[in-house]
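Everything on this sheet refers to the single structure shown next.
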Amino acid sequence: MSPPPLERLALYFGALRTRQALLARADLGLADPDDTALSAQLAQDLAAELRPDGSVGGAVMPTIWRAHELMDLGRWPDDPALSRVLGWVLQRQDAPGAYGEGCDKTRHAQRICEHYVRGFFSPAAASERVAPITLPNGKAFRAEPAAGFAISCLALRAVLRAGMGEQPAVARHLESLRSLGEGWTDWTGLFAPDVIVAGLHALALGGPSFRPTVERLVQLVASRQRVDGQWDTADLFQAIEALLATGLPAARAVVRRAVPALEERQRADGTFGATAQQERALIGLRAIRWAGAG
């Protein structure tokens with residue numbers, strides 16, 4: 001008989017010396033005695049890779065994710081390395097190439113032009129193609145507007161985690177997302193499901209005033225969940241990660257229904273495939289634990 005899913009994940013993460021393994025062991029209450037020192041060393045190594053301007057090779061996605069990684073490892077916004085990263089990311093806000101830039105008759109009618117969408121982070125100049133991109137959770141975005149939207153939501157999550165939600169441009173991004181989210185009533189409309197999920201994840205970090213919008217979007221995600229716990233045209237791991245971020249009881253019920261689909265995908269080594277292997281294993285671990293809580 002094979003070990004239970006959580007036991008397989010504990011065995012998988014047990015000997016790894018990575019950020020994801022540190023987080024997994026902490027979640028499971030199985031931290032090693034040297035994990036504190038390991039966390040400091042990993043953060044130091046990540047900080048050493050930064051350019052003087054705070055970026056990771058001048059690339060948008062790796063730099064945004066570096067902010068998340070450093071915060072996962074216990075660095076605070078007043079840390080010099082994290083402060084440099086966040087400063088670089090914030091310079092991308094409302095820069096040329098951001099989602100919503102410009103206006104035409106069609107986009108204005110759809111309320112996705114610069115008159116309605118503000119505060120988004122630019123992934124690149126408007127003349128440069130961004131897609132395809134793959135988020136750290138393994139979700140790939142192949143359409144250009146969707147890729148830019150998803151990158152901006154990842155950046156928004158970083159600055160919100162850093163406590164920057166009251167900065168005017170960050171607040172504008174959140175309000176724009178809220179406005180867009182009020183129109184997300186159809187799973188097959190103008191915004192693709194994975195774009196809606198990216199927006200939900202960012203809004204989940206927006207604080208109490210955004211909770212009504214988050215609750216309604218959780219209901220939308222729940223309404224489109226299949227009997228097998230998965231979603232048509234939405235990535236299982238991205239959806240679960242966003243639902244986890246909400247912390248809502250209704251979201252836990254949705255995650256609970258998705259756990260059998262996760263367990264069906266789990267391999268003997270505890271992972272869920274080669275794509276974003278450790279990140280998805282961490283998402284799966286947190287989902288299974290949360291679904292079983294209470």
Who passes ring-ring contact (aromatic ring centres under 6.0 Å, His included) against His115, sequence neighbours left out?
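So His115 forms a ring-ring contact (aromatic ring centres under 6.0 Å, His included) with His108.
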What residues, two or more places apart in sequence or in another chain, satisfy ring-ring contact (aromatic ring centres under 6.0 Å, His included) together with Trp184?
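Scan of Trp184 (ring-ring contact (aromatic ring centres under 6.0 Å, His included), adjacent residues dropped) gives Phe191.
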Tell me the closest heavy-atom pair linking [X] and [Y], and the distance in Å.
{"X": "Ala43", "Y": "Leu70", "value": "O-CD2, 3.7 Å"}
{"X": "Leu236", "Y": "Ala261", "value": "CD2-CB, 4.2 Å"}
{"X": "Leu9", "Y": "Ile288", "value": "CD1-CD1, 4.3 Å"}
{"X": "Ala169", "Y": "Gln93", "value": "O-NE2, 3.0 Å"}

Applying ring-ring contact (aromatic ring centres under 6.0 Å, His included), which residue pairs with at least one partner in residues 4-57 are found, sequence neighbours left out?
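ring-ring contact (aromatic ring centres under 6.0 Å, His included) check on residues 4-57 returns no pairs.
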May I ask you to say whether [X] pairs ionically with [Y], meaning some side-chain N is under 4.0 Å from a carboxylate O?
{"X": "Glu49", "Y": "Arg66", "answer": "yes"}
{"X": "Asp194", "Y": "Lys139", "answer": "yes"}
{"X": "Arg118", "Y": "Asp94", "answer": "no"}

Distance only, no hydrogens: is a donor on one side chain within 3.5 Å (strictly under) of an acceptor on the other, for [X] and [Y]?
{"X": "Gln167", "Y": "Arg172", "result": "no"}
{"X": "Glu241", "Y": "Asn137", "result": "yes"}
{"X": "Thr18", "Y": "Gln278", "result": "yes"}

Using side-chain contact (heavy atoms from CB on, under 4.5 Å), reason through Arg19 and Glu279 one step at a time and then give a plain yes or no.
CA-CA 9 Å; Arg19 173 186 57 83; Glu279 210 64 43; 2.7 Å; yes
Name all residues meeting the side-chain contact (heavy atoms from CB on, under 4.5 Å) criterion together with [X]; count only those two or more places apart in sequence or in a different chain, and write none if there are none.
{"X": "Asp232", "value": "Arg226"}
{"X": "Arg84", "value": "Leu50"}
{"X": "Thr275", "value": "Arg280"}
{"X": "Gln91", "value": "none"}

All pairs passing side-chain hydrogen bond (donor to acceptor under 3.5 Å, both in side chains) where residues 96-106 contributes a residue, at least two apart
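side-chain hydrogen bond (donor to acceptor under 3.5 Å, both in side chains) check on residues 96-106 returns no pairs.
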Donor-acceptor contacts, no H, no angles, side chain residues 144-166, under 3.5 Å, sequence neighbours left out:
| residue | atom | partner | partner atom | Å |
| --- | --- | --- | --- | --- |
| Glu144 | OE1 | Arg129 | NH1 | 3.2 |
| Glu144 | OE1 | Val130 | N | 3.2 |
| Glu144 | OE1 | Ala131 | N | 3.0 |
| Glu144 | OE2 | Val130 | N | 2.5 |
| Ser152 | OG | Phe121 | N | 2.7 |
| Ser152 | OG | His173 | NE2 | 2.7 |
| Arg157 | NE | His201 | NE2 | 3.4 |
| Arg157 | NH1 | His201 | ND1 | 3.4 |
| Arg161 | NH1 | His68 | ND1 | 3.1 |
| Arg161 | NH1 | Asp72 | OD1 | 3.3 |
| Arg161 | NH2 | Asp72 | OD1 | 2.8 |

Check: [Y] and [X] side chains under 4.5 Å, non-hydrogen atoms:
{"X": "Met61", "Y": "Leu135", "value": "yes"}
{"X": "Leu22", "Y": "Arg25", "value": "yes"}
{"X": "Leu282", "Y": "Gln277", "value": "no"}

By salt bridge (Lys or Arg N to Asp or Glu O under 4.0 Å), which residues pair with [X], not counting sequence neighbours?
{"X": "Glu215", "answer": "Arg211"}
{"X": "Asp78", "answer": "none"}
{"X": "Asp79", "answer": "Arg75"}

Can a cation-pi geometry be assigned to Arg267 and Phe272, taking NZ or CZ under 6.0 Å from the six-membered ring centre and within 45° of the ring axis?
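Pair Arg267/Phe272 does not count as cation-pi.
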Checking Ser223 side chain against Leu220 main chain: does a donor-acceptor pair fall under 3.5 Å?
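Yes; at least one donor-acceptor contact below 3.5 Å.
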